[in-house]
Structure formats: structure tokens, C-alpha cells
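The structure appears right after this line, and notes come after that.
Values below: all heavy atoms of this structure, side chains included; hydrogens, waters and symmetry mates excluded. The chain is numbered in sequence order, starting from 1.
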Amino acid sequence: MQRVTTIAEVRGAVRQARDRGGPIALVPTMGSLHEGHLSLVDRARTGSATVVLSIYVNPLQFGPGEDFERYPRDLERDARLAEERSVDLLFAPTDSEIYPDFPTRPAVTVAPLALADRLCGRSRPGHFEGVLTVVAKLFHIVQPDVAVFGQKDFQQSVLIRRMVRDLSLPVEIVVAPIVREPDGVAMSSRNAYLDAAARRSGRALSRALAAAIRGFCAGERRARVLRETAEEVLRSTRGVEIEYVEVVNPHTLDPVEQASREDVCAVAARVGSARLIDNAILGAPDPALAGLVERGDAA
Ligand code: AMP
């Protein structure tokens, strides 16, 4: 695995990979890698000759008072995991490499007009502008044929698809299923913020989704009822403060009244000192969540 930190080095390495032939895939991350990130690397590997992994904790997507400073960082561990998973090129830039005027904000950014004021956007103003700006930059730096993202950050994946369409970016977007811990909790770098009690409470998010899906499978189509079913699980768990529970259309993110198979139930909650998110496609939950639904393990 080749490790680089500058844009010039990435471009050189990608040029060589192009000369060797085969598609190039990019997996953008903020590091502190876990099996969820590594599943994206595996997905990138299928069909691509070269896998580029970027690790960059993007200051532009953190609001004032959010966890930018304490966000977990361990580049040497990440590099070991990436190498074990056969990443070809690891790009871990500095702030001033990505933002030439750092710490001053860039003068030009990619700002979503629609879709960013829903779900997570309501409590994180400017967050998706930061995400789209860094992802657009990574696309221009690496120029991948394919980029792989996780369903875990559902709203982010919807906005990235829209950016690619609206700005005619020449990259195929793949969205891979959520990887979960054995007890159903979605893997997240932010789970590191949870103490033992909060970690137990964190199970409420996936259980809330499982409860909504069980309702959907039993024929309930009123989104309000499915939402209330999920909310009930969250509300009855100590230490969980609900931010939102919604059932939305996967393209417009509009709340629906009558739920259908492709709609997404999305939740966000404060648990201990972490803000956790999770989601599921009602008619096609990720395999780990489907297991939780089957076990009847929702309460
Ligand atoms: P992050 O490092 O949190 O910015 O995440 C980088 C990428 O990994 C994003 O596309 C996330 O959606 C994805 N990701 C994070 N957690 C998971 C998970 N548990 N399962 C699948 N993908 C994930």
C-alpha cells in the first residue's frame, strides 16, 4: 500500500494506476476505521483494479461546539487496517493541503439548496455544505470512476447522489449496507464516546428501527404509527434523548403519510455524550437489522 499526503502525490499515483488499467474506486472516510468502513473497501474492490482510501477529518463539516477536536484519530492503526484490507493508495492530507486558506474558510463551497434542511440538517446547519465541499474536492483530486459510501449516513448519500447529478460529475456512486455490532448497534467512530451504560442505551436506535419494520412487515402502512412505534422504544430507554424519528421518501427526504417498501425510517438521538444516527429501508433493511427483526428483539 502506498501512503501519500499531498494532492500532487495522489494525482501521480492515480496516473500510474490509470496507465496500468482498470477502474479506480475511492472510499472517503474520516478515519478511526471500523468494519463498516472496511466493508466499503471490500465493496470498492469488487469491480475496481485500484482502491483509494482517503482519511481526513474535515473541519468544514463540524459546527461550533461539535466534536471536531475530540473526534478519534489514529492514523497508524488505520493504515495497518487499510493495508490488511488490500487498499492500494491511502491519502491522508493535512488541513492546509485540502483548504489552501486554512483556517480561513474557503471562499467557494458546494452548498446544497434543497434536502439539507431536513433530518440531520435541522440540527447541523452547514454540515452538508462541508460534506459536499470536501467530497467534491476529493472527486477532483482523485478522479475516481466509482466512489463508495455507506447507507449509515443516509442523508449524506442522498445529497452526494444529487450533487453528482446536478453538477454532472463523472463518477458512479455506490451505497453499501450498514454494518452493525452483534447486538445491532450500527458501527460508528462516535461509539467510542459511549461509556458502558450509554453503549447499552445505544441499542435503542436499532431496536426502534426493528420495531417499525416489524410493524411494516405486519401490514401497517401509516407512517405516523410506524414512527410512534419507533419513538416508543427510544422513549422507554433511559439516557436516550430523541432528536428525530421520521419516515421519508428516499429521494426527496419528504416525510410520507403512507409508507412503502423503499421509504426510509431514520432516527437520530443523543445518547450520553454522543449524537447517534441510524436508519433502515422499510422493505429491505440491511441484513443485520433484518436479523434483529426476525429475532423479535425490538424492545
Ligand atoms: P465517516 O468516517 O464516519 O465519515 O464514514 C465514512 C464512510 O463510511 C461513510 O460513507 C459512511 O456512511 C460509511 N460508514 C460509517 N459507518 C458505517 C457502517 N456502520 N456501515 C457501513 N458504512 C459505514
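- Under the 4.0 Å criterion applied to side-chain N and carboxylate O atoms, Arg207 and Glu232 are not assigned as salt-bridge partners.
- Residues Val14 and Leu89 are in side-chain contact: their nearest non-hydrogen atoms beyond the backbone lie under 4.5 Å apart.
- Environment of CZ in Arg261: sparse, with no more than 12 heavy atoms of neighbouring residues, nucleotides or ligands closer than 6.0 Å.
- Looking only at distances, a side-chain donor or acceptor of Thr29 sits under 3.5 Å from a matching main-chain atom of Gly31.
- Side chain of Ser201 to backbone of Arg238: a donor-acceptor contact under 3.5 angstrom is found.
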Assess the residue pair Lys152 and Asp286 against the criterion (salt bridge (Lys or Arg N to Asp or Glu O under 4.0 Å)); give the C-alpha distance rounded to whole Å, side-chain angles, the decisive distance to 0.1 Å, and a yes or no. CA-CA 10 Å; Lys152 163 83 185 350; Asp286 54 85; over 6 Å; no
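- With a 4.5 Å cut-off on side-chain heavy atoms, Val248 and Asp254 do not count as touching.
- Remark: side-chain polar atoms of Arg214 are paired, donor with acceptor, to backbone N or O of Val293 under 3.5 angstrom.
- Side chains of Asp42 and Ser39: no donor on one and acceptor on the other come within 3.5 Å.
- Between Arg275 and Glu243 there is a salt bridge, with a side-chain nitrogen of the basic residue lying less than 4.0 Å from a carboxylate oxygen of the acidic one.
- Judged by the 6.0 Å distance and 45° axis criteria, Arg221 is positioned over the aromatic ring of Phe216.
- Of the possible polar contacts, one joining the Lys137 side chain to the Ile98 backbone as a donor-acceptor pair under 3.5 Å is found.
- For Arg43 and Thr46, the side-chain atoms include at least one donor-acceptor pair closer than 3.5 Å.
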Please determine whether side chain to side chain contact (heavy atoms under 4.5 Å, CB included) holds for the pair Glu257 and Arg224, giving the CA-CA distance in whole Å, both sets of side-chain angles, and the decisive distance to 0.1 Å.
CA-CA 7 Å; Glu257 278 183 23; Arg224 178 185 56 77; over 6 Å; no
Yes or no on salt bridge (Lys or Arg N to Asp or Glu O under 4.0 Å) for Glu66 and Arg124, after CA distance, side-chain angles and deciding distance?
CA-CA 9 Å; Glu66 289 190 352; Arg124 305 191 73 189; 2.6 Å; yes
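- A donor-acceptor pair shorter than 3.5 Å can be found between the side chains of Glu9 and Thr6.
- Contact check on Asp88 versus Arg45 returns a salt bridge, with a Lys/Arg side-chain nitrogen under 4.0 Å from an Asp/Glu carboxylate oxygen.
- Side chain of His127 to backbone of Gln61: a donor-acceptor contact under 3.5 angstrom is found.
- The existence of a salt bridge linking Arg199 and Asp183 is confirmed by a sub-4.0 Å separation between a basic side-chain nitrogen and an acidic carboxylate oxygen.
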Would Arg80 and Glu76 count as a salt bridge (Lys or Arg N to Asp or Glu O under 4.0 Å) if you check the C-alpha gap in whole Å, the side-chain angles of each, and the deciding distance to 0.1 Å? CA-CA 6 Å; Arg80 272 198 310 279; Glu76 291 316 308; over 6 Å; no
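- For the pair Asn191 (side chain) and Ala186 (backbone), a donor-acceptor distance under 3.5 Å is present.
- The cationic atom of Arg73 (NZ for Lys, CZ for Arg) does not lie both less than 6.0 Å from the six-membered ring centre of Tyr56 and within 45° of the ring axis.
- Between the side chain of Asp74 and the backbone N or O of Arg77 there is at least one donor-acceptor pair closer than 3.5 Å.
- Residues Tyr71 and Asn58 have side chains that never bring a donor and an acceptor to within less than 3.5 angstrom of each other.
- Within the 4.5 Å cutoff, the side chain of Glu231 has heavy atoms near those of the Ile242 side chain.
- Judged purely by atom type and a 3.5 angstrom limit, Asp195 uses its side chain to pair as donor or acceptor with the backbone of Ala198.
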